[in-house]
Amino acid sequence: MNKIIRFARTFPTLADAPLEPWAPSTFDAWAADVWEARRPYGDGLRHAAACVLAVSCTPKNVVEDLRSALRERRQFYVIEALQELTVARTTWRVGTFDAVTALATWDEAHRAAFLAWAKEPWFC
């Protein structure tokens with residue numbers, strides 16, 4: 001998760017975001033609250049948060065992990081897999097990431113953060 005935290009920190013409006021420990025739902029709630037309050041960040045923060053969430057929460061196949069955990073009766077792993085599945089299906093309060101709108105909205109620093117990632121994209 002350190003990789004996603006480092007990525008999030010490249011966006012200036014996310015400098016004060018609660019990123020450690022990484023909890024997508026907490027991060028989304030913080031970003032939505034700040035954005036809805038229309039603090040000085042404007043839409044740039046919302047797009048940056050949506051971008052980070054898209055990179056970090058690209059759904060992965062947790063079905064096999066869940067089946068395996070159920071078969072082996074490992075309750076902790078069952079709970080963990082269900083939580084991951086829940087996160088993957090979450091509709092974020094900040095909305096979904098739209099690169100075209102974000103690039104049109106962001107200032108140079110935000111565009112640079114996104115483009116640095118886009119040159120060599122990765123997902124958690």
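Every heavy atom of this structure was used, including side-chain atoms; hydrogens, water molecules and symmetry mates were not.
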Worksheet entry | Residue pair Trp30 / Thr13: nearest heavy atoms and the distance that separates them | CH2-O, 3.8 Å
Worksheet, complete the sentence: Of all heavy-atom pairs linking Ala31 and Ala49, the shortest is CB-CB, 3.5 Å
Fill in: Taking every non-hydrogen atom, the tightest pair across Arg9 and Asp16
NH1-N, 4.3 Å
Fill in: Heavy-atom pair of closest approach, residues His110 and Gly44
CD2-O, 4.2 Å
Fill in: Nearest-0.5 Å distance, CZ of residue Phe27 to CD of residue Glu20
12.5 Å
Item to complete: May I have the step-by-step check of side-chain contact (heavy atoms from CB on, under 4.5 Å) for Phe7 and Leu19, ending in yes or no?
Response: CA-CA 11 Å; Phe7 174 56; Leu19 298 170; over 6 Å; no
Practice prompt. Mind listing the closest non-hydrogen atom pair of Asp33 and Arg93 along with its distance?
Written response: OD1-NH2, 2.7 Å
Item to complete: Quick one: pull up CG in Leu45 and CH2 in Trp106 and give me the separation to the nearest 0.5 Å.
Response: 11.0 Å
Fill in: Closest contact, heavy atoms only, Ala48 versus Leu14
CB-CD1, 3.9 Å
Worksheet item: Would you say Val94 and Trp35 make side-chain contact, with heavy atoms under 4.5 Å?
Response: no
Fill in: Reported CD-to-CZ distance for the pair Glu108 and Arg111, which is rounded to 0.5 angstrom
4.5 Å
Discussion item. Could you go through Phe11 and Cys51, starting from their C-alpha distance and side-chain angles, then the distance that decides it, and tell me whether this counts as side-chain contact (heavy atoms from CB on, under 4.5 Å)?
Written reply: CA-CA 10 Å; Phe11 291 98; Cys51 178; 4.1 Å; yes
Worksheet entry | Gap between atom CG of Leu115 and atom CG of Leu103 - 0.5 Å precision | 6.0 Å
Discussion item. Could you check whether Phe97 and Trp92 have their ring centres less than 6.0 Å apart?
Written reply: no
Worksheet item: Can you tell me how far the OG1 atom of Thr10 sits from the CZ atom of Phe114, to the nearest 0.5 Å?
Response: 11.0 Å
Item to complete: Classify the angle between the aromatic ring planes of Trp117 and Trp122 as parallel (below 30°), tilted (30 to 60°) or perpendicular (above 60°).
Response: perpendicular
